[in-house]
Amino acid sequence: MSNSIIKPQTLRGFRDFLPEMMIPRLQLIEQARTVYSQYGFSPIDTPALEYSNILLGKGGDESDKQLFRFIDQGDRDVAMRFDLTVPLARFAAQHIPQLGTPFKRYHIAPVWRGERPARGRFREFLQCDFDTIGTESIAADIETVLVIHDLLHAIGLENFTIHVNNRQLLNGVLEQHGLLERTVPLLRALDKLPKIGEENVIAEMKQTAQVDHDQAKTILQLAALKGEASSVLDQARPLVADSERGQAAIESLHRLTQTCFEIGITGDQLHLDLSIARGLDYYTGTIFETFLNDLPGIGSICSGGRYDDLAGLFTKQKLPGVGASLGLDRLLAALEEQGRLEAVGTTSQVLVTQFDANHLADYQKISRQIHRAGIASEVYPEAKAIGKQLKYANKKRIPLAIIAGTQEFENRNWQLKDLNQGRQLTLNEADLIEKIREILSVT
RNA sequence: GUGCCCAUAGCUCAGUUGGUUAGAGCGCCGGAUUGUGGUUCCGGAGGUCGCGGGUUCGAAUCCCGUUGGGCACCCCA
């Protein structure tokens, strides 16, 4: 009947997570939750499926094409969420009246995009969003930087850069040259600057946005500004001299960067970068992109920005906000690539070996005492050769093993083996837990 | 979605211009060592060469399709 066996396989861009991957993944989630909670963001969740009209047309044509969309059993036109921001908009329109503003929420959940998978890009991946809605205060933008910083710091990453810009600064320059309605193709071209170089960007701008050479040059002038934040802003100021929104953006970026520096964020970790223009269409103010300096190729691991009307399509109440999204699966892929993931196959810290199946109750009793001390422990399910059982502990990288046979039960003591050190101690029950705690706290 | 590259044992790969029973290392299982892992030695299992079709006396090898992976573009976490 081997013909009838179904080939086990996952869908393109969808993945299984083995324990060695899932354990660090859950650790990352926990770290994100901790930092978000510390800053006062509350958890929410929304359904994976929404009515298609809720999700369509929110992130441009491109994201519509990537929607997983189908007709359900009740003939409803439904789609799987593409990100967590659009569901938040719907959520806010429905619940803000009872929640009040400002409202700070975090949302850690999978999203689905039917795009071509690549390194660090999947069709099902976890996003970890946090947003503050209902306030236009720059304080919320600053807090967003702090959360991104603290989160990456908590994960143990130091070599990252948060790039910050403001949509209105670019718009200011464009406004000054009467090019505001050609923003999209111009930004798209500008965004390619580091990849294809100035000349090619100018060529593309001329072609796709019908600007002349001097106009293209002026736009690039802004993006080309480099150096320390305040000096970049000083140089940018004259470029938007006649644009109110441009001036406001400069002041906003000035407040943001100076305050962050004052708090202790370094210039290496927060970078004013007037060339970043990406992000979804709904961003209208501050924008963020975060890169790992060692792995620029993997793309942004945390992006976000300010929007002045999150839920305009769902309610008449105007809801400004700011937030960002950590790409946890991309980050996990990056950590894996850097070999920074600790290879663990289980959460167990102690393996209680079974020497004599008749003493199963004793083995489980001691294991449960270890649990009560807050330490993960498991009893090996079979009483086979002790060597086999230790081999299992070794493979799963369980650091400690407990062994007890006839002799130990007669003398009322236990053998505690430290698999890393290769040493073995004979202990009575009272000392056993203490010793386990001691050994585990050192490593 | 467009273009290009890739697919052989659980993993990483070798397999010569298409030519008999498809190989290695690691891992796995068993033994040396029936109260002690990570070292060493010995033995063993495991593959319809991603799948389907075609060309051929003969296909892992050539052609087409399909599924999955990677790179560039697009877009993005």
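Sequence lines set the chain letters: A, B, ... in the order given, protein chains first and strands last, and positions in each chain run from 1. The analysis underlying the following values was restricted to heavy atoms, covering all of them including side chains, and did not include hydrogens, waters or symmetry mates.
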Open item on the list: Would you say CZ of A/Arg368 has more than 12 non-hydrogen atoms from neighbouring residues, nucleotides or ligands within 6.0 angstrom?
Closed with: no

The correct set of residues in residues 43-50 of chain A placing a heavy atom under 4.0 Å from RNA chain B is none

Checking N1-N3 plus N6-O4 or O6-N4 for Watson-Crick, or N1-O2 and O6-N3 for wobble, each under 3.5 Å, the partner of B/G1 is B/C73

When both distances are under 3.5 Å in a Watson-Crick or G-U wobble arrangement, the nucleotide paired with B/U20 is none

| field | Euclidean distance for P, B/G19 against B/A60 (whole angstrom) | value | 9 Å

Rounded to whole Å, the CZ-C1' distance (A/Arg15 to B/G70) equals 15 Å

Checklist entry - Using atom P of each nucleotide, how far apart are B/G10 and B/C6 to the nearest Å? => result 23 Å

Quick one: which protein N/O atoms are closer than 3.5 Å to N/O atoms of nucleotides 25-30 of chain B? Pair and distance per line, please.
none

- Between B/G1 and B/G46, how far is it from one C1' atom to the other, in whole Å? 41 Å

- OP1 or OP2 of B/C71 less than 4.0 angstrom from a side-chain nitrogen or oxygen of A/Arg119, does that happen here? yes

So for A/Asn394 and B/G38, does any side-chain atom that can act as donor or acceptor lie under 3.5 Å from a complementary atom in the base?
no

Taking everything shown except A/Glu199 itself, do over 12 heavy atoms lie less than 6.0 Å from its CD? no

For A/Glu115, report the nucleic acid contact type (base, sugar-phosphate, nothing); a contact means any heavy atom under 4.0 Å. base

Atom CG of A/Leu390 and atom C1' of B/U39 are separated, to the nearest Å, by 15 Å

Quote, to the nearest angstrom, the C1' distance that separates B/C49 from B/G18. 14 Å

**Request:** Mind checking A/Gln407 for me? I need base, sugar-phosphate or nothing, with any heavy atom below 4.0 Å counting as a touch.
**Result:** base

So, is A/Arg12 near the phosphate of B/G69, with a side-chain N or O under 4.0 Å from OP1 or OP2?
yes

Notebook entry, point to check: Using atom P of each nucleotide, how far apart are B/C11 and B/G50 to the nearest Å?
Noted result: 13 Å

Please give the distance between the C1' atoms of B/G37 and B/C28 as a whole number of Å. 16 Å

Tell me whether A/His153 at atom NE2 has more than 12 heavy atoms from other residues, nucleotides or ligands lying less than 6.0 Å away. no

As its Watson-Crick or G-U partner within any shown strand, both distances under 3.5 Å, B/C51 has B/G65

Problem - Integer angstrom distance from the P of B/C13 to that of B/U8 - result: 9 Å

For B/G43, the nucleotide meeting Watson-Crick or G-U wobble distances (both under 3.5 Å) is B/C29

